[in-house]
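Letters A, B, ... are given to chains in the order of the sequence lines, protein chains preceding strands, and every chain is numbered from 1.
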There are 2 protein chains.
Amino acid sequence: MNETASWATACEWMGTLADLQGASAVLEWDRETIMPSGAAEARGAQLSTLAGLHHRALLDPSVGDALEQLRESGDPVRAASAHEGQRERSRAERVPEALVRELTEVSSRSVAIWTDARERGDVSAFVEGIRPLVALTREQATCLANGGDPYDALIDLYEPGTTYADLQPVLDDLAARVAPLVERLAGAGGPALPEREWDGDRQMALASALADEIGFDQSRGLVGRTAHPVTMGLGAGDTRLSTRVDVADPLSSIMAVMHEGGHALYDQGIPEVWRRTLAGDAPSLGAHESQSRFWENHIGRSRAFWEVVAPMLSERFPLSSAGLGPDDYIRALNRVERSTRRVESDEVTYDLHIVLRARLERAMILGDLDVTDLPGAFDEGLHDLLGISPASPAEGAMQDIHWAAGIIGYFPTYTLGNLYAAQLADAAERAVGPIDEVIRAQGMAPFLDFLRETIHCHGRTMSTPDLMRQATGSDLSAEPFVRHLERTYAPQ
Amino acid sequence: MNETASWATACEWMGTLADLQGASAVLEWDRETIMPSGAAEARGAQLSTLAGLHHRALLDPSVGDALEQLRESGDPVRAASAHEGQRERSRAERVPEALVRELTEVSSRSVAIWTDARERGDVSAFVEGIRPLVALTREQATCLANGGDPYDALIDLYEPGTTYADLQPVLDDLAARVAPLVERLAGAGGPALPEREWDGDRQMALASALADEIGFDQSRGLVGRTAHPVTMGLGAGDTRLSTRVDVADPLSSIMAVMHEGGHALYDQGIPEVWRRTLAGDAPSLGAHESQSRFWENHIGRSRAFWEVVAPMLSERFPLSSAGLGPDDYIRALNRVERSTRRVESDEVTYDLHIVLRARLERAMILGDLDVTDLPGAFDEGLHDLLGISPASPAEGAMQDIHWAAGIIGYFPTYTLGNLYAAQLADAAERAVGPIDEVIRAQGMAPFLDFLRETIHCHGRTMSTPDLMRQATGSDLSAEPFVRHLERTYAPQ
């Protein structure tokens, strides 16, 4: 078989995989936005059937030779596709089907127990609920690791190319630098916006206008409304982002649009011709999160951005926005507070929550921490890092869904996103100029152009560390992020 | 293999088929309602991949024995599932895959030519555009007929259990009875509603309230908005109907809700436990259309229905509805006019358009009418039946998409729906009382109950002729329909 024939074989195979994933994404988008409650069971069955067909298609033995040949191709899209195809196939082969089925089954049971235990504040129910799932996840990690480090094998599911050995020194450095910042800045920022009502439909119209403003192409996507903001790629020309709407707080939706908008711009920036190949995606979740955090925290917290958004708010909410200007919105956004809850944390304290989770989940997977001891270790670690203790059990180890769903190795990607975003913001400012000045003179397009050229257009043809090195000129580092925190939050 | 094991095998197989069809329906619903324009190509690929997987699953050789055994089961759901499964498999086997692919390809080309030709009023482009597709459809019909009548083989795709020999005398009888009625009634009804604006969002709110009113369960479905009204079953607990909104005419959406609502109530009335079997559907399109026409034309044109709806309009549109009462709406609805266009025709003249199309398409399939002669034969037939001639070529043979899309044998199901609906309305009035009186005393629920018991709850366990005979006590007949027309439209 010559390379052209191999590529044709691979493309047909990847097309089927892409179509099945796209179809599943449509089913999920529909479920999150408009699906009637009575359809939950049928939709679950449909998604499970599509997942089964995807799994079978993934392991199709007839493409093995083609992928092996393409691996060495001089064409980066072909090589990357083959590499990713082999990676996914070997992962699927390493984990026995019985274990996959058990993981799915046990994790939905475990999520149900978690939901209930968290509501009742019952730590021991939580511990007993996740114990079997953690054991299965360790088994999965061992299969995947194939003799290597099992926690690295889990990280690799979400962040290929990065190991805990790469992460640990950076996380430790970050924790050491952020701790004194928290000490200094806690209580900074504020006050909150005055208590007023912001009409939900108009917030949705603003969300759509804001998405346009940052460069999101609504002929190839749309902006929807969900309980939890999300971005989904449903196929070429169909990238959807959603926002939540809180009628008491317009900032919640605006920041959700900036965050999800960052993901969505990345998705739209990947060359469409690669869309049905395995090269047509981000190389990792950390790379994806670098885009959402760039728009949310570097553009979305800048003075010039609020000089754009404040008039948009005044126009749509003349009464609710009366007397409020850019600085009022920025002050309300940039409050720093020690919180026990990750999802409610500000930008300064957020990553300490991740550092803690990465340490604990790694210890669980390596067998150094028994699930029984997890809640105590969590509370202790939180106190060490942030100086506070959970007011109730629900605010401790069981606050997140991740562990209850068997999602371990995922937390670090949040912090990688924050660090890479800051490195990219530095590089972007070097390339096109200071954020405030550029936005005032030319709008936000120069930053989108920068990301299009340095990140988006490469798809999965490079590993995340290589991609970021090429875009920013340096290795992973906490330095630019800490500088960003100091600049943004330190009282002037 | 015992019957229990066969049924388990069949259920797993049917579950996969149901999930793939449900997933495709979600993709189609999304496409018709919110999909961004840029996603058209990707969505087409996804639907085609799902269709290919469905085709492959349908022909799965490992279920053949199970179906053969279940065919003779004493359980009607098992027997009906096996019967339908074998029917679909033998159909898929009889038509060579190359022909299926060619049909798909040629029909999308043919639809594109039709769209353009109709716009330009170019009859010969239309004729040349559909010629290859008609030839392929004849080939398909010959494969399906397996020695029998090829037009019957096409009807059987949409209306199993009914042949042209069953239809012809009834259609002829209908044409003969309706002609004098048209003569007598043309110009009856009216005037139209005064020219006012009816807000689109409020029309959608009314559509939802009206769907509730007729008994549509919105915890297991929803009401959406599309350019062309449609009903889709997306799986158990997920039945969706859509309406069009014309801000100049509230009746358009109301009648669309009644029509689609009839389909949707049927879909919701099929026992949910059968949903993932092949018995969990209507036995034919004519059976489905009997439900939409029952609600649209028998309930939806009754005086008592408008006594319910007029106040709903007054409440939501106090200005636009000023001075209008039930009789104004009914008069505006019940205008009788000779139109050359089927889709704009009133209830009295509508079926003459179908009679004409059934005669012509049958002649094409049997080789008695060359495509070249179709436009002339169409105009001539229209003149014979309705006494009018198309004002432009676009209003003649090329007005409908059906022939350009290779959909032949489908038109008769519209008239079957009208005739069955009238037979059911008679039977319902015998069972629960006159429509006006029942609605005034008890609302519309008794009619839904009647249809639930006589039609919906049987799914596909009976053929349409048997189902209708059991529900109405008589064979297919034009008589009740003609009586309905006389009662509804004859000047009092």
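To the nearest 0.5 angstrom, A/M35 atom CE is 10.5 Å from B/L234 atom CG. Rounding to the nearest 0.5 Å gives a distance of 9.5 Å between CG of B/L27 and CG of A/D19. Separating the CG atom in A/L50 from the CD atom in B/Q46 is a distance of 10.5 Å, to the nearest 0.5 Å. Here the CD-CD distance, from B/E41 to A/E272, works out to 9.0 Å after rounding to the nearest 0.5 Å.
There is no contact between A/R275 and chain B, counting heavy-atom distances below 4.5 Å. Neither the backbone nor the side chain of B/Q21 comes within contact range of chain A; no heavy atoms are under 4.5 Å apart.
The minimum heavy-atom distance linking A/G235 with B/A42 is given by the pair C-CB, 4.3 Å. The two residues B/G237 and A/P36 come nearest to each other via the heavy atoms O-CG, 3.8 Å. For the residue pair A/R276 and B/A45, the shortest heavy atom distance occurs at NH1-CB, 3.3 Å.
Enclosure of atom CZ in B/R87 by more than 12 non-hydrogen atoms of other residues, nucleotides or ligands within 6.0 angstrom is indicated. Within a 6.0 Å sphere centred on CD of B/E97, other residues, nucleotides and ligands contribute 12 heavy atoms or fewer.
Proximity of B/D30 to A/D30: side-chain heavy atoms (C-beta onward) are nowhere separated by under 4.5 Å.
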**Q.** Check against side-chain contact (heavy atoms from CB on, under 4.5 Å), B/L53 and A/L20
**A.** CA-CA 10 Å; B/L53 290 166; A/L20 284 167; 3.7 Å; yes
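Residue with the most contacts toward chain A among B/G38, B/G22, B/S37, B/G224: B/G38 (heavy-atom pairs, distance under 4.5 Å). Of all the listed residues (B/A40, B/A18, B/S219, B/G221), the one sharing the greatest number of non-hydrogen pairs under 4.5 Å with chain A is B/S219.
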Side-chain donor-acceptor contacts of residues 8-17 of chain A below 3.5 Å, not counting sequence neighbours, with atom names and distances?
residue: A/T9; atom: OG1; partner: A/A5; partner atom: O; Å: 3.0
residue: A/W13; atom: NE1; partner: A/A57; partner atom: O; Å: 2.7
residue: A/T16; atom: OG1; partner: A/E12; partner atom: O; Å: 3.3

